[in-house]
Amino acid sequence: QVQLAESGGGSVQPGGSLRLSCVASVIMFSSKAMGWYRQVPGKQRELVAGISSGGVTNYADSVKGRFTISRDNAKKTLYLQMDSLKPDDTAVYFCKSYADPYWGQGIQVTVSS
């Protein structure tokens with residue numbers, strides 16, 4: 001079965017950094033586009049960063065210049081480097097392949113003074 005396990009979250013001050021990891025035991029990981037999503041209570045889950053199988057990336061306007069998505073196909077792992085964090089980045093973050101409907105448990109990121 002498909003399993004996704006996010007890690008690396010936590011609590012940081014504004015301007016700080018975190019690196020999220022997602023071990024994705026999905027079939028044919030290297031051939032699939034992957035994305036990081038986030039959700040806050042009462043709001044729709046949104047895509048914040050994506051990466052294609054060929055390494056082409058895209059970002060939500062709110063995180064451009066601050067977040068970097070990458071992947072390690074040998075480890076079947078997706079990463080999200082988050083710099084210059086803002087309180088508005090506070091959310092539960094999830095990883096997911098674009099084509100598959102499976103979600104992990106998510107990981108909390110809290111940015112506050």
Side-chain angles (χ1 to χ4, degrees):
Q1 294 182 339
V2 173
Q3 296 185 38
L4 305 112
E6 300 94 343
S7 62
S11 182
V12 297
Q13 296 181 346
S17 297
L18 286 172
R19 189 192 191 206
L20 305 184
S21 299
C22 172
V23 178
S25 59
V26 299
I27 299 174
M28 299 180 68
F29 173 84
S30 63
S31 68
K32 293 185 175 180
M34 300 290 295
W36 282 99
Y37 301 74
R38 67 186 181 188
Q39 187 171 28
V40 299
K43 294 186 177 181
Q44 193 82 358
R45 190 170 297 180
E46 63 175 345
L47 176 69
V48 298
I51 184 168
S52 74
S53 61
V56 178
T57 60
N58 65 278
Y59 300 91
D61 288 342
S62 60
V63 306
K64 284 182 179 178
R66 301 188 298 117
F67 290 10
T68 304
I69 188 171
S70 61
R71 65 195 298 162
D72 185 331
N73 289 336
K75 297 180 179 179
K76 292 187 175 182
T77 302
L78 185 71
Y79 302 98
L80 185 67
Q81 178 67 44
M82 304 185 293
D83 299 317
S84 302
L85 283 162
K86 304 175 180 179
D88 284 349
D89 295 319
T90 296
V92 177
Y93 285 72
F94 303 84
C95 68
K96 179 184 174 293
S97 74
Y98 280 18
D100 297 327
Y102 309 105
W103 298 94
Q105 294 299 309
I107 189 72
Q108 179 71 46
V109 171
T110 301
V111 185
S112 63
S113 299

R66 side chain vs S84 backbone, donor-acceptor pair below 3.5 Å:
yes
Determine whether Q13 and S113 satisfy the following criterion, side chain to side chain contact (heavy atoms under 4.5 Å, CB included), listing intermediate values before the conclusion.
CA-CA 5 Å; Q13 296 181 346; S113 299; 5.8 Å; no
Can you give me every donor-acceptor pair (side chain of residues 44-54, partner residue at least two apart or in another chain, under 3.5 Å) with its distance?
{"residue": "R45", "atom": "NE", "partner": "Q39", "partner atom": "OE1", "Å": "3.0"}
{"residue": "R45", "atom": "NH2", "partner": "Q39", "partner atom": "OE1", "Å": "2.9"}
{"residue": "E46", "atom": "OE2", "partner": "R38", "partner atom": "NE", "Å": "3.1"}
{"residue": "S52", "atom": "OG", "partner": "G54", "partner atom": "N", "Å": "3.2"}
{"residue": "S52", "atom": "OG", "partner": "G55", "partner atom": "N", "Å": "3.3"}
{"residue": "S52", "atom": "OG", "partner": "V56", "partner atom": "N", "Å": "3.0"}

Would V109 and L20 count as a side chain to side chain contact (heavy atoms under 4.5 Å, CB included) here? Give the steps.
CA-CA 9 Å; V109 171; L20 305 184; 4.1 Å; yes
Taking all non-hydrogen atoms of both residues, which atom of A24 and which atom of L4 are closest, and how far apart?
CB-CD2, 3.9 Å
Between L85 and L18, is any pair of side-chain heavy atoms under 4.5 Å apart?
yes
Backbone N/O of T90 and side chain of T110: donor-acceptor pair under 3.5 Å
no
Quick one: side chain to side chain donor-acceptor pair (under 3.5 Å) partners of R19, sequence neighbours excluded?
none
Hydrophobic cluster partners of I27 (side-chain heavy atoms under 4.5 Å)
M28
Indicate if Y102 and M34 have the same hydrophobic cluster label, given that clusters are the connected sets of ILVMFWY residues with side-chain heavy-atom separations under 4.5 angstrom.
yes
Given M82 and D89, is the side chain to side chain contact (heavy atoms under 4.5 Å, CB included) satisfied, shown in steps?
CA-CA 9 Å; M82 304 185 293; D89 295 319; 6.0 Å; no
Without placing hydrogens or testing angles, list every side-chain donor-acceptor pair under 3.5 Å for residues 94-101, not counting sequence neighbours.
{"residue": "K96", "atom": "NZ", "partner": "Y98", "partner atom": "O", "Å": "3.4"}
{"residue": "K96", "atom": "NZ", "partner": "D100", "partner atom": "O", "Å": "2.7"}
{"residue": "S97", "atom": "OG", "partner": "D100", "partner atom": "N", "Å": "3.1"}
{"residue": "S97", "atom": "OG", "partner": "D100", "partner atom": "OD2", "Å": "3.1"}
{"residue": "Y98", "atom": "OH", "partner": "N58", "partner atom": "OD1", "Å": "3.4"}
{"residue": "D100", "atom": "OD2", "partner": "K32", "partner atom": "NZ", "Å": "2.6"}

For S17, all residues meeting side chain to side chain donor-acceptor pair (under 3.5 Å), sequence neighbours excluded:
D83
Approximate separation, where rounding is to 0.5 Å, of L78 CG and S70 OG
7.0 Å
Any pair counted as ring pair (Phe, Tyr, Trp, His ring centres under 6.0 Å), so long as it reaches residues 29-86, sequence neighbours left out:
Y37-W103
Determine whether a donor-acceptor pair (N or O, by modelled atom type, separation under 3.5 Å) exists between the side chain of T77 and the backbone of D72.
no
Taken to the nearest 0.5 Å, the spacing of C22 SG from K75 NZ works out to 14.0 Å
